[in-house]
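Read through the structure below, which is laid out as structure tokens, and then see the notes.
Chain letters run A, B, ... following the sequence lines, proteins first and then strands; every chain starts at 1. Source: prediction; values computed, not measured.
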Amino acid sequence: MAEEKESLNFIEQIIEADLASNKHGGDVITRFPPEPNGYLHIGHAKSICLNFGIAQKYGGRTNLRFDDTNPVTEDTEYVDSIKADIRWLGFDWDDREYYASDYFPQLYEWAIQMIRAGQAYVDDSSAEEIAAMKGTPTEPGKESPYRTRAMSENLDLFQRMKAGEFEEGSRVLRAKVDMASPNMHMRDPVMYRIKFAHHHRTGDTWCIYPMYDFAHGQSDSMEHVTHSLCSLEFENHRPLYDWFIQTLQIYPSRQIEFARLNVEYMLTSKRKLLRLVNEGFVKGWDDPRMSTISGMRRRGYTPASIREFADRVGIAKRENVIEFSLLEYCVREDLNKVAQRVMAVLDPLKLVITNYPEGQTEYLPTENNPEDPQAGTREMPFSKVLYIERDDFMEDPPKKYFRLAPGNMVRLKSAYIIECTDVVKDSNGQVTEVHVRYIPESKSGQDTSGIKVKGTIHWVAADTALNCEVRMYDRLFTVPNPGDDPERDFTAFYNEESLRILDGAKVEPSVKEVQVGEGFQFLRKGYFTLDPDSRAEHLVFNLTVNLKDSWAKVAAKGQPA
RNA sequence: UGACCCAUGGUGUAACGGUAGCACUCCGGAUUUUGGUUCCGUCAGUCAAGGUUCGAAUCCUUGUGGGUCAACCA
């Protein structure tokens, strides 16, 4: 076998170099650090796959750590959904479920240590004053009048902040770094602020809470995270991340930034997703059109397909927008291998086989999955009156139309070849019924008719078909990057046709047994999954992704746009 | 007019001083009882200008373009 050189992304290269130099004694420890203030989305999925995937690849570990330093926005509801989503994606953190809030006592100790060392001070300025003294990216900041406060006073004040003696917003603890630094984050960043808020885990124990910059790197360090992978927007924080580690003389975790995921027609901003929910554009966080993990799960995406997607988009530092077609490719690829085939008619047209005996039913075997012989076969009831797809019949077809038409023979999948003999219309000229004759010798698997047809269509028997509702989903927006327009709000690009409900669909009786979450293919149509809204007497299916449709392209080409 | 980061086909990503490759998309063709799948093929790329070198996508300089940073958010 030819040795193929595996190509590594830049993070893997760093890790392999570290492994080679034995920098961390062979350890590879990563972490996934969500803030429990919202639901996970496709962008998080990339990060999860990266962090857990890297650790798996190099025999390391990944910690799940909730970055819960802001009690105002965080809640256990999110903790639970985040854990469920990560597990569903197929990753496990064993017993390493950590919370930044568990580190509050240590963080407090370190703050005290820094005050004693003259590296932190209590600032009585207001938020506005601090902002004003901070300067701008092009102008240096000014030092706070409280910057030179005596160490003992700082210590006393900070302890009293913790004791709840001061009002919210009246004081903060700041690191003494460099107000003239060209990096805004180094201009004496706030370490602690006062918040009289109930924390989802620590309750009312604390009324001072550390800021991200004084919690994240320290948490990494406490956990001996070797490679702390985050998105590009934290690049400017890295000098501060390193500064705290050096100042505190603690384990040197290393922050490495990569470009976050952007996908056409999908939003990955918590704020915008929240608006979609609150303003009623979608039905909830798990609406199948949402980019949330829970939405994608409900839509019928499989964990394997999302992992594959995360793998294929790659890891690099340049800004990127992934084409939606790659995501579709990944789901189809996975579902094609595993999804059971089912016949369903989404837009039914009645078909009567005039020469088939009235009242007769035969059971015709059909394969469950041609890609997987192990999947076996099932029996489809067949009788005189069937439903076929309305667009599988045309009275006056264009060239190269291989489906049913007067004078055109087609095969009914796994059944017989039929020939159109008559068309019944209503007063509007709308076709309501197609009459055909079937060729008895053309029975699937024992065809002796010698007839060759170009088209095969799917069908269901009218008397045994189940009625169902089918929700056809399309992209949520009319443009690929709805958030990028400087003039118009992203909701202006909401796709009114992102959900189309088909209420008269007919599906073969075998689906009676399917479970929510199971994915299967409606033959020639697409991949679908049962929605939790389903009831025994009213099945509801979600379109996951349609099948590729090369005929649609040909047909569109023949038609003036 | 600051700092930091980025720049390879339409999209995404490799090549680490020595033949610019892979995937998706697009477009052709073969097979097909799913106009699906599978298979084969075509088109298409190093931001620009200088420099170093026998040799530059790769190193250096400058420019251009893009991103991030002025929450007591993460």
(request) Kindly indicate whether the side chain of A:N320, heavy atoms from C-beta on, has any atom under 4.5 Å from the side chain of A:I322. (result) yes
(request) Compare the minimum distances between each of B:rA74, B:rA70, B:rG36 and the side chain of A:P370, then state the nucleotide with the smallest one. (result) B:rG36
(message) Side-chain N or O of A:K553 versus OP1/OP2 of B:rC26: is the shortest distance under 4.0 Å?
(response) yes
(request) Write down the partner of B:rC54 under the Watson-Crick or G-U wobble criteria, each distance required to be under 3.5 Å. (result) B:rG18
(request) Provide the distance between the two P atoms, one in B:rG45 and one in B:rA20, to the nearest whole Å. (result) 13 Å
(request) In whole angstrom, give the distance that lies between atom CZ of A:R332 and atom P of B:rU34. (result) 18 Å
(message) Only pairs with both distances under 3.5 Å count, Watson-Crick or wobble alike; so what is the partner of B:rC69 in this structure?
(response) B:rG2
(message) Taking pairing as Watson-Crick or G-U wobble with both contacts under 3.5 Å, can you name the mate of B:rC39, or confirm there isn't one?
(response) B:rG29
(message) Reading RNA chain B from 5' onward, which residue's closest nucleotide shows up sooner: A:S442 or A:P182?
(response) A:P182
(request) Mind checking A:S126 for me? I need base, sugar-phosphate or nothing, with any heavy atom below 4.0 Å counting as a touch. (result) base
(message) Counting only side-chain heavy atoms from C-beta out, which of B:rA74, B:rA71, B:rU1 sits nearest to A:T138?
(response) B:rU1
(message) Taking donor-acceptor contacts at under 3.5 Å, does the side chain of A:H185 reach the base of B:rA70?
(response) no
(message) What is the distance, to the nearest angstrom, from the CD atom on A:E389 to the C1' atom on B:rG35?
(response) 14 Å
(message) Mind checking if A:T136 touches a base, just sugar-phosphate, or nothing, with heavy atoms under 4.0 Å?
(response) base
(message) In whole Å, I'd like the distance from the CE atom of A:M191 to the C1' atom of B:rA71.
(response) 17 Å
(request) May I ask you to verify if any side-chain N or O of A:Q13 is less than 4.0 angstrom from the OP1 or OP2 atom of B:rA15? (result) yes
(request) Record whether the side chain of A:Q521 comes under 3.5 Å of the base of B:rU34 through a donor-acceptor pair of N or O atoms. (result) yes
(request) Can you tell me, in whole Å, how much space there is between the P of B:rC39 and that of B:rA49? (result) 41 Å
(request) Using a 4.0 Å heavy-atom cut-off across all strands, classify A:S231 as base, sugar-phosphate, or nothing. (result) nothing
(message) Give me the distance, rounded to whole Å, that separates B:rC60 from B:rG18 when you measure between the P atoms they each carry.
(response) 16 Å
(request) Could you work out the separation of B:rU19 and B:rU38 based on their C1' atoms and round it to a whole Å? (result) 31 Å
(request) Check whether any side-chain N or O of A:K195 sits under 4.0 Å from OP1 or OP2 of B:rC73, and answer yes or no. (result) yes
(request) Write down the distance separating the P atoms in B:rA71 and B:rA15, rounded off to the nearest Å. (result) 38 Å
(message) With a 3.5 Å limit on both atom pairs, tell me what B:rU61 is paired to, counting Watson-Crick and G-U wobble, or say none.
(response) B:rA49
(request) Can you label the angle between the A:Y78 ring and the A:Y39 ring as parallel, tilted or perpendicular, going by 30° and 60°? (result) perpendicular
(message) If I take atom CG in residue A:D392 and atom C1' in nucleotide B:rG36, what distance separates them, rounded to the nearest angstrom?
(response) 13 Å
(request) Could you check A:F522 against A:F528 for ring-ring contact (aromatic ring centres under 6.0 Å, His included), going step by step and ending with a plain yes or no? (result) CA-CA 7 Å; A:F522 283 177; A:F528 291 80; 4.2 Å; yes
(message) Work out how far the C1' atom of B:rU68 is from that of B:rA48, and round it to whole angstrom.
(response) 24 Å
(message) Taking the minimum atom-to-atom distance to the side chain of A:M184, which one of B:rC72, B:rU34, B:rA70 wins?
(response) B:rA70
(message) Under a 3.5 Å cutoff, is there a donor and acceptor pairing between the side chains of A:N183 and A:S181?
(response) no
(request) Report yes if a side-chain nitrogen or oxygen of A:K443 is closer than 4.0 Å to either non-bridging phosphate oxygen (OP1 or OP2) of B:rU33; otherwise report no. (result) no
(request) Describe, in one word, how the ring planes of A:F104 and A:H199 are oriented to each other, choosing from parallel (under 30°), tilted (30 to 60°) and perpendicular (over 60°). (result) perpendicular
(request) Provide the Watson-Crick or G-U wobble partner of B:rC24, both distances under 3.5 Å; none if there is no partner. (result) B:rG10
(message) Once you measure the plane-to-plane angle for A:Y438 and A:Y416, does it fall in the parallel (<30°), tilted (30-60°) or perpendicular (>60°) bin?
(response) perpendicular
(message) Both conditions, 6.0 Å and 45 degrees, for the charged tip of A:K162 above the ring of A:Y108: are they met here?
(response) yes
(message) Using the C1' atom as the point on both nucleotides, what is the distance between B:rU8 and B:rC22, in whole Å?
(response) 13 Å
(request) With heavy atoms under 4.0 Å as the rule, sort A:R403 into base, sugar-phosphate or nothing. (result) base
(request) In plain terms, say whether A:R187 and A:E143 are close enough for a salt bridge, that is, a side-chain N and a carboxylate O under 4.0 Å apart. (result) no
(request) Go through the N and O atoms of the side chain of A:R411 and the base of B:rU33, and report whether any donor-acceptor pair is under 3.5 Å. (result) yes
(request) Write down the distance between NZ (A:K452) and C1' (B:rU31), rounded to a whole number of angstrom. (result) 14 Å
(message) Whether A:R149 engages the ring of A:Y121 as a cation-pi pair (distance to the six-membered ring centre under 6.0 angstrom, angle to the ring normal within 45°) should be assessed.
(response) no
(message) I'd like to know if A:E333 and A:K337 make a salt bridge, using a cut-off of under 4.0 Å between side-chain N and carboxylate O.
(response) no
(request) Write down the distance between CG (A:L412) and P (B:rU33), rounded to a whole number of angstrom. (result) 15 Å
(message) For A:H237 and A:H185, take the angle between the two ring planes, folded into 0 to 90°, and tell me which bin it lands in: parallel under 30, tilted 30 to 60, perpendicular over 60.
(response) tilted
(message) If I pick the P atom on B:rG65 and the same atom on B:rC24, what distance separates them, to the nearest angstrom?
(response) 35 Å
(message) So, OP1 or OP2 of B:rC24: does either fall under 4.0 Å of a side-chain N or O from A:Y329?
(response) yes
(request) With the side chain of A:F234 defined as its heavy atoms from C-beta on, choose the nearest nucleotide among B:rU37, B:rG35, B:rA74. (result) B:rA74
(message) Within 90° of 0 counts as syn, otherwise anti: where does B:rA14 fall?
(response) anti
(message) Can you measure A:E333 atom CD to B:rC24 atom P for me and round it to whole angstrom units?
(response) 8 Å
(request) Looking at every strand, decide which applies to A:G141 at a 4.0 Å heavy-atom threshold: base, sugar-phosphate, or nothing. (result) nothing
(request) Just call it for A:N236: base, sugar-phosphate, or nothing, with non-hydrogen atoms closer than 4.0 Å on any strand. (result) base
(message) Applying a 4.0 Å non-hydrogen cut-off, can you work out what A:E371 is touching in the nucleic acid: base, sugar-phosphate, or nothing?
(response) base
(message) Quick check: on RNA chain B, is the nucleotide nearest A:R238 upstream (toward 5') of the one nearest A:D213, or the reverse? Name the residue that is more 5'.
(response) A:R238
(request) Between protein and nucleotides 6-13 of chain B, map the contacts as a letter string: B base, S sugar-phosphate only, - none, heavy atoms under 4.0 Å, written 5' to 3'. (result) SSB-BSSB
(message) Stacking between B:rG35 and A:W551, yes or no? Criterion: centroid separation under 5.5 angstrom, plane angle under 30 degrees.
(response) yes
(request) Using distance alone, with no hydrogens and no angle criterion, decide if A:Q521 and A:Y527 have a side-chain donor and acceptor under 3.5 Å apart. (result) yes
(request) Select base, sugar-phosphate, or nothing to describe what A:H216 touches, counting heavy atoms under 4.0 Å on all strands. (result) nothing
(request) Please tell me which of the listed nucleotides, B:rC72, B:rG35, B:rU68, lies nearest to the side chain of A:E233? (result) B:rU68
(request) Round to a whole Å and report the spacing from CG of A:L232 to C1' of B:rG66. (result) 12 Å
(message) Does B:rU37 have its OP1 or OP2 closer than 4.0 Å to a side-chain nitrogen or oxygen of A:R341?
(response) no
(message) Given B:rG2, B:rC69, B:rG36, identify the nucleotide with an atom nearest to the side chain of A:N336.
(response) B:rG36
(message) Is A:K400 close enough to B:rG35 that one of its side-chain N or O atoms is under 4.0 Å from OP1 or OP2 there?
(response) no
